[in-house]
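Notes for the one structure printed next.
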Amino acid sequence: MIFCAIIMLFIQQITSLAKMESESAKLAIWLTRIVFAYKMIFWTPSFLPGYGLRAAGDVKFSMITSTLSMWICRVVVTIFLVHTFNMGL
């Protein structure tokens, strides 16, 4: 969470290093702030149950769950949104 906050504070300086065009830089800054805001709230705590299960010796369930959730939530939903609603960034 600390690193997300640091990157959010310095995202304009970071994008200036890439020498992007102004429109691309604005989009990158906007997307980074959205992703990192949600990441600090939801992504960090989502590790706790998986680590707890692995510590208890249940590696198989946490591996299957994380792989399936990645493919279903990221890949399938993205393909659905892009092809059905013509969504981009």
Ignoring hydrogens, what is the shortest heavy-atom contact between K39 and C4? Give both atom names and the distance.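 Answer, listing the atom of K39 first, then C4: CD-SG, 3.7 Å.
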
How close do R33 and M8 get, counting heavy atoms only, and between which atoms?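 The pair with the smallest heavy-atom distance is O-CE, 3.9 Å.
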
Test of understanding: with side-chain contact (heavy atoms from CB on, under 4.5 Å), list the residues that count as partners of I79, not counting sequence neighbours.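 V75, H83.
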
Separation of [Y] [atom2] from [X] [atom1] (nearest 0.5 Å):
X   : Y   : atom1 : atom2 : result
C73 : M70 : SG    : CE    : 10.5 Å
K26 : Q12 : NZ    : CD    : 11.0 Å
K19 : L17 : NZ    : CG    : 7.5 Å
I7  : I2  : CD1   : CD1   : 12.5 Å
M20 : I14 : CE    : CD1   : 10.5 Å
F80 : M87 : CZ    : CE    : 10.5 Å

Greater than 12 external heavy atoms within 6.0 Å of L68's CG: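 Result for CG/L68: enclosed.
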
Check the surroundings of atom CD in E21: do more than 12 heavy atoms from other residues, nucleotides or ligands lie under 6.0 Å from it?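 Atom CD in E21 is not packed in, count stays at 12 or less.
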
Same cluster (ILVMFWY, side-chain, under 4.5 Å), [X] and [Y]:
X   : Y   : answer
W30 : I41 : yes
I34 : L27 : yes
Y38 : L31 : yes

How would you list, by chain and number, every residue that makes a ring pair (Phe, Tyr, Trp, His ring centres under 6.0 Å) with F42, sequence neighbours excluded?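 F42 satisfies ring pair (Phe, Tyr, Trp, His ring centres under 6.0 Å) with no other residue.
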
Any side-chain to backbone donor/acceptor pair from S16 onto Q13? Under 3.5 Å, distance only.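 Yes: the side chain of S16 pairs with the backbone of Q13.
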
Is the backbone N or O of I64 less than 3.5 Å from a side-chain atom of T67, with the two atoms forming a donor-acceptor pair by type?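 No; zero donor-acceptor contacts below 3.5 Å.
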
